[in-house]
Amino acid sequence: MARIVMKFGGTSMAGIERIRHVAGLVKREAERGNQVAVVVSAMAGETDRLVQLCREAASLYDPREYDVVVASGEQVTSGLLAITLQGMGLNARSYMGWQLPIRASGHAAALIDHIEAEVLERAFAAGGIAVIPGFQGVTELGDVATLGRGGSDTSAVALAVAMKADRCDIYTDVDGVYTTDPRIVPKARKLARITYEEMLELASVGAKVLQTRSVGLAMRYNMPLQVLSSFEDVPGTMIVADDAIEDRDMERNLITGIAYDKNEAMITLFGLPDESGTVAKIFGPLAEAGINVDVIVQSSPIEGQRSALTFTVPKASLDHCLDALARHKAEIGYDEIIHYTDVVKVSVVGVGMRSNPGVAAKMFQVLAERRINIFAISTSEIKVSVIIDMDYAELAVRVLHTAFGLDQEDAA
Ligand code: ASP
Ligand code: MG
């Protein structure tokens, strides 16, 4: 017997027909003798609709009331799934966030503090299936809180941790995690296994499969995650710890996937004073404005000359960033500032590069052969990223996918 959390996304819950199909999958898992808790999303499009209604009611809506409205989508689907399971003769019951409870702080993007597993333990002891609305919790004051868009994934992982589940299965409308966005590279391959860290780095590939927060949470508690389709009965992708991979996949590719991110803007400051404290004067105001900086490249000037600094920020923060830098121009002491929005960040990702040098060299070579100019570079232990012209996004992803042996036909 295993203890499993099954999470179903919005497309899997969109309508009674699909909910009935989901109920069949839950039934199958229960009939294998497993203890099952099901976490559900609202029907596809429902949360968007509810958010829009809040906006129409008042553009500066109260986050507490927003939560009251948007949490309702999951209340509907959890009740409907429980009814459907009961109709199939199963002992199923829904439990709202406040009934467990799922304790959370904040509104609209609340953080989960703690989940009581006692109610679930009692349900399991009685042979029951628990259905829990994703995306919601309850604050100290007893108010409903929601976890931010896509938050049902985080609900599912948090619940799996709280009830000491063996596994958390995320059923969605794609059948797993791919080596890159299959819409760009039709030869992209589904990965059988991937590490938490790689998954975090690949989160930007195509449609977001999982809320990033949920992967971080799973990694922290070493909770095995599985991404699989609720529409097709095929093996999905397991997301596991580093050591679970290295022992088993001796022949695993050096590179796991190619990611791209079109949501970053690049800023370059010219004519900076070459002295201690300059960089701190630039990033201090950005931190105060709550702006996330990603790639940072500083040129080291010849003794006594002025230097340049390039970095990237989310496009959505660009205006705030330029404003903060303009306000601090005098104290930073730069001559000129330029920004670019037509850029893309392309990354090659893989834990294999920890023990194998030459990945960056190969990446640069492949891009050079295509005459793709690199504006900035950043690296981590398991990733090399370059900032290039947006026009070359697709080409770069495709040639790197081929060069690192990820194309489908290369698969053994
Ligand atoms: N229904 C919520 C949303 O659309 C939460 C979720 O589905 O994960 O963001
Ligand atoms: Mg989702």
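Counting convention: from 1, in listed order, for ligands and their atoms alike.
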Closest contact, heavy atoms only, Tyr196 versus Pro224 = OH-N, 3.5 Å
query = Which residue pairs pass the ring-ring contact (aromatic ring centres under 6.0 Å, His included) test with at least one member in residues 34-85, sequence neighbours excluded?
reply = Tyr61-Tyr66
Identity and separation of the nearest protein heavy atom to atom 4 (O) of ligand 1 = Arg149 NH2, 2.9 Å
query = Which ligand 1 atoms does Ser41 reach within 4.0 Å, using its non-hydrogen atoms?
reply = 6 (C), 7 (O), 8 (O)
key: ring-ring contact (aromatic ring centres under 6.0 Å, His included): pairs with one or both residues in residues 339-384, sequence neighbours excluded   = none
task = Look only at interatomic distance and state if Asp153 has a nitrogen or oxygen under 3.5 Å from any nitrogen or oxygen of ligand 1.
result = no
key: Heteroatom distance test (Gly150, ligand 1): nitrogen or oxygen, under 3.5 angstrom   = yes
query = Does Gly73 come within less than 4.0 Å of ligand 1, judged by its heavy atoms?
reply = no
query = Heavy atom of Gln211 under 4.0 Å from ligand 1?
reply = no
task = Determine, for Arg354 against Glu197, whether the closest basic-nitrogen to carboxylate-oxygen distance falls under 4.0 angstrom.
result = yes
key: Ring centres under 6.0 angstrom apart (Phe311, Phe283)   = yes
inquiry  = Around atom CD of Glu369, are there more than 12 heavy atoms from other residues, nucleotides or ligands closer than 6.0 Å?
reply    = yes
ask   = Do any nitrogen or oxygen atoms of Ser152 lie less than 3.5 angstrom from nitrogen or oxygen atoms of ligand 1?
value = yes
